[in-house]
Chemist: 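This structure is in structure tokens; I'll ask about it shortly.
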Protein chains: 2
Amino acid sequence: MRHAASEPPVDEGHPTETHAADGQELTPTARGRTVRPEPDCPVEVALTAVSGRWATLVPRELMGGPLGFSELRERLPELSAKVLSQRLRELCERGLLSVERRRGFPVRTCYTLTGRGRALRPLLIELYATGEALLATGPAAGASPRG
Amino acid sequence: MRHAASEPPVDEGHPTETHAADGQELTPTARGRTVRPEPDCPVEVALTAVSGRWATLVPRELMGGPLGFSELRERLPELSAKVLSQRLRELCERGLLSVERRRGFPVRTCYTLTGRGRALRPLLIELYATGEALLATGPAAGASPRG
DNA sequence: CGGAATCCTATCGGATACTG
DNA sequence: CAGTATCCGATAGGATTCCG
């Protein structure tokens with residue numbers, strides 16, 4: 001189901017403002033005009049990459065350079081080992097992270113963002129910007145627990 | 001815990017590329033340098049606004065102009081009434097949506113994005129762009145169920 | 001039409017304990 | 001050090017039913 005350029009506009013007044021009136025296409029390609037949350041819709045793909053608790057904080061820490069498991073735990077003390085390794089595994093599966101194991105004793109592991117992983121940066125920045133905009137226009141309305 | 005400009009860099013070579021090396025600050029204000037997913041961190045605020053199944057599709061439909069409950073259901077046929085009203089309620093509570101009830105018979109309700117709601121647009125666009133970038137660099141790695 | 005109430009299942013994420 | 005295994009409580013969200 002398309003939402004742009006079809007169906008008589010509900011309240012078109014002047015094209016100057018009102019509520020943007022889709023002046024610029026929201027979804028450049030067909031994959032964005034989905035009727036349901038399909039996993040191959042770009043929006044869902046991006047959302048999948050950042051959703052889940054701690055899912056933004058782990059990449060954020062790694063934006064500064066490679067880190068080991070325990071280093072990540074130090075930086076995010078309240079993140080349990082279970083969830084951390086879960087997040088790391090997801091990031092790896094999605095090709096956002098590369099792992100390097102150094103044998104010997106003690107064992108050393110090194111997590112590095114890949115090019116794909118670094119591609120999250122603009123999204124994190126936009127999330128930050130949007131969040132600030134929301135906080136600025138009404139501090140009370142942002143909260144609400146998120147898994 | 002800060003992640004920028006502290007602790008000896010792990011692999012600083014030349015500042016040209018490598019992995020961006022935080023050349024530009026990721027988190028302009030202090031609220032972004034959190035140790036845990038705090039609800040008042042801008043990133044969390046924005047994420048809260050778009051996370052949850054159908055959470056982006058409902059605003060997307062409304063970007064084209066106000067719609068009623070059933071109109072939304074028509075456009076998103078697989079979205080149950082329960083979840084739709086849940087999403088709408090959340091959007092209202094966060095001040096992203098305004099509601100107008102027209103009495104008479106049958107009852108008519110009209111959901112309109114507020115200014116705050118329209119502030120989500122750049123984020124949706126960025127989500128789309130990031131998702132496309134991920135799909136472009138490796139189609140297989142995007143998927144994975146998202147609640 | 002526009003919902004709210006109830007039920008039910010799957011998954012998420014935290015705590016704890018154990019392993020190579 | 002770098003994880004895995006197990007248990008467990010809390011939601012999320014779909015289906016169905018009912019109401020003003």
Side-chain angles (χ1 to χ4, degrees), chain A residues 10 35-39 44 47-58 61-62 66-93 97-112 143-147, chain B residues 10 35-39 44 47-58 61-62 66-93 97-112 143-147:
Chain A
V10 188
V35 202
R36 77 188 67 83
E38 292 175 284
E44 289 299 311
L47 233 24
T48 298
V50 295
S51 73
R53 208 153 129 92
W54 304 98
T56 57
L57 297 186
V58 173
E61 293 303 323
L62 292 170
L67 292 174
F69 192 86
S70 295
E71 290 172 318
L72 282 165
R73 293 215 64 188
E74 282 165 31
R75 282 169 166 78
L76 304 169
E78 301 178 38
L79 170 51
S80 75
K82 178 202 171 187
V83 175
L84 175 56
S85 66
Q86 207 165 98
R87 291 289 164 265
L88 290 171
R89 199 179 321 127
E90 292 161 2
L91 288 165
C92 288
E93 284 167 1
L97 214 61
S98 71
V99 199
E100 188 189 350
R101 282 193 173 68
R102 279 164 208 171
R103 310 174 293 152
F105 202 84
V107 185
R108 266 267 150 210
T109 315
C110 192
Y111 294 94
T112 314
S144 160
R146 196 184 57 90
Chain B
V10 187
V35 201
R36 77 188 68 83
E38 292 175 284
E44 289 299 311
L47 232 23
T48 298
V50 296
S51 73
R53 208 151 129 92
W54 304 99
T56 57
L57 297 186
V58 173
E61 293 303 323
L62 292 169
L67 292 174
F69 192 85
S70 296
E71 290 173 317
L72 283 166
R73 293 214 65 188
E74 283 165 29
R75 282 169 166 77
L76 304 169
E78 301 179 38
L79 169 52
S80 75
K82 180 204 170 186
V83 175
L84 175 56
S85 67
Q86 206 167 99
R87 292 288 164 266
L88 291 171
R89 199 181 321 125
E90 292 162 1
L91 288 166
C92 287
E93 285 167 0
L97 214 61
S98 72
V99 199
E100 188 189 350
R101 280 191 174 70
R102 278 164 209 172
R103 309 175 292 152
F105 201 83
V107 185
R108 265 270 148 207
T109 315
C110 192
Y111 294 94
T112 313
S144 161
R146 196 184 56 90

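Nothing here was measured: the structure is a model prediction, and the numbers come from that model. In the text below, chain A, chain B and the rest are named by the order of the sequence lines, each starting its count at 1.
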Chemist: How close or far is atom P of C:dA15 from atom CZ of A:Arg53, stated in whole angstroms?
Modeler: 10 Å
Chemist: Can you build the contact string for nucleotides 15-20 of chain D? Use B for base contact, S for sugar-phosphate-only contact, and - for no protein heavy atom under 4.0 Å.
Modeler: B-----
Chemist: Out of curiosity, A:Ser70 OG to A:Arg75 CZ, how far, rounded to the nearest 0.5 Å?
Modeler: 11.5 Å
Chemist: Does D:dC1 have OP1 or OP2 sitting under 4.0 Å from an N or O in the side chain of A:Arg101?
Modeler: no
Chemist: What's the closest nucleotide to the side chain of A:Val83 if the choices are D:dA2, C:dC12, C:dG14?
Modeler: C:dG14
Chemist: State the OG-CZ distance between B:Ser80 and B:Arg73, to the nearest 0.5 angstrom.
Modeler: 6.5 Å
Chemist: Could you tell me whether the phosphate oxygens of C:dG14, OP1 or OP2, come under 4.0 Å of any side-chain nitrogen or oxygen in A:Trp54?
Modeler: yes
Chemist: Rounded to whole Å, please give me the gap between CG in B:Leu84 and P in C:dG2.
Modeler: 10 Å
Chemist: Tell me the interatomic distance from B:Glu90, atom CD, to C:dA4, atom P, rounded to whole angstroms.
Modeler: 12 Å
Chemist: Can you tell me how far the CG atom of A:Leu62 sits from the CG atom of A:Leu88, to the nearest 0.5 Å?
Modeler: 7.5 Å
Chemist: Between D:dG3, C:dG13, D:dA12, spot the one nearest the side chain of A:Gln86, thanks.
Modeler: C:dG13
Chemist: Could you tell me how far apart B:Leu88 (CG) and D:dG13 (P) are, to the nearest whole angstrom?
Modeler: 14 Å
Chemist: Output the single nucleotide from C:dG2, D:dA2, D:dG14 whose closest atom is nearest the side chain of B:Ser70.
Modeler: C:dG2
Chemist: Expressed as a whole number of angstroms, how long is the span from B:Phe69:CZ to C:dG2:C1'?
Modeler: 6 Å
Chemist: Base, sugar-phosphate alone, or nothing: which one does A:Arg87 contact when heavy atoms must sit under 4.0 Å apart?
Modeler: sugar-phosphate
Chemist: Take atom OH of A:Tyr111 and atom C1' of D:dG3, then tell me their distance rounded to the nearest Å.
Modeler: 8 Å
Chemist: For D:dC1, does OP1 or OP2 lie under 4.0 Å from any side-chain N or O of A:Arg73?
Modeler: no
Chemist: Please tell me which of B:Arg89 and B:Pro106 maps to the more 5' nucleotide of DNA chain C, matching each residue to the nucleotide holding its nearest heavy atom.
Modeler: B:Pro106
